[in-house]
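Let me begin by presenting the structure, written as structure tokens, before commenting on it.
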Amino acid sequence: MAELEKYIRSVPDFPKAGINFKDITTLLKDAKGFRMALDAMQAEVDGPIDLVVGIESRGFIFGCPLADRLGAGFVPVRKPEKLPAETMQREYELEYGTDRVEIHRDAIMPGQRILLVDDLLATGGTMAAAAHLVEALGGTIVKILFLIELTFLNGREKLEGYPIKSIITYDAE
Ligand code: AMP
């Protein structure tokens, strides 16, 4: 996917020193690049999907159009205190401290076939927490899909057993 990689901008030392931030805004603003990314992600989905679950906030950007393309509904996994109705919550470890993601308790019916989407896999903590919530509500995870994976952070280790696909991989900072 060398062609797609050209649309992604790397911003050194953002949001803090030592992080090489993969900026997708340069891809999103280009109609051809954005469509190419969605086409590549859609091509990885084989079976029928009931719901696309996207993680706030960049998971929404890819998850919503994919849901529409797949004829599926969309469910947001959000940062704390954003969802208005009753939620289920999951904490996960950060480099320093913890964070939390939430989902509406009535968002998924047992047995629904779920595609989980985020823009980027780094350490895997965020997606592992989201996957836990989906399964706690009885959803069946058909696939976990990322546009970008930073393979050197070994995020896959936290997602063992799930079918994972990322379109663009970076092997080093
Ligand atoms: P993680 O839980 O470590 O896998 O982090 C994943 C989340 O953090 C994703 O939602 C990404 O959007 C964001 N993220 C982490 N590292 C980067 C990075 N180097 N560039 C852009 N986004 C990142």
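Quick note: numbers below take in every heavy atom, side chains included, and nothing from hydrogens, waters or symmetry partners. Keep in mind the model is a prediction, meaning the values are calculated, not measured.
- Taking P110 as the reference, nothing meets the side-chain contact (heavy atoms from CB on, under 4.5 Å) condition, with sequence neighbours excluded.
- Applying the salt bridge (charged side-chain N to carboxylate O under 4.0 Å, His left out) rule to pairs touching residues 101-115 yields E86-R105, R100-E102, sequence neighbours excluded.
- Residue pairs satisfying the salt bridge (charged side-chain N to carboxylate O under 4.0 Å, His left out) criterion with at least one member in residues 119-138, sequence neighbours excluded, are listed as follows: R58-D119.
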Could you tabulate the donor-acceptor pairs under 3.5 Å formed by side-chain atoms of residues 26-33, not counting sequence neighbours?
residue : atom : partner : partner atom : Å
T26     : OG1  : Y7      : O            : 2.7
T26     : OG1  : R9      : N            : 3.4
T26     : OG1  : D23     : O            : 3.2
D30     : OD1  : K32     : N            : 3.0
D30     : OD1  : G33     : N            : 2.9

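- With sequence neighbours excluded, no residue satisfies side chain to side chain donor-acceptor pair (under 3.5 Å) with D50.
- Shown here are the side chain to side chain donor-acceptor pair (under 3.5 Å) partners of E5, two or more places apart in sequence or in another chain: there are none.
- Residues forming a side-chain contact (heavy atoms from CB on, under 4.5 Å) with K158 (at least two apart in sequence, or on another chain): T123, A128.
- Remark: T169 pairs with E149, T151, S166, D171 by the side-chain contact (heavy atoms from CB on, under 4.5 Å) rule, at least two apart or across chains.
- Legend: residues meeting side-chain contact (heavy atoms from CB on, under 4.5 Å) with A130, ordered by chain and number and at least two apart, are I55, V77, L116, M127.
- For residues 67-107, the set of pairs meeting the ring-ring contact (aromatic ring centres under 6.0 Å, His included) definition, not counting sequence neighbours, comprises F60-F74.
- Among residues two or more places apart in sequence or in another chain, the side chain to side chain donor-acceptor pair (under 3.5 Å) test is passed with T140 by none.
- For F21, the ring pair (Phe, Tyr, Trp, His ring centres under 6.0 Å) test picks out F14, with sequence neighbours left out.
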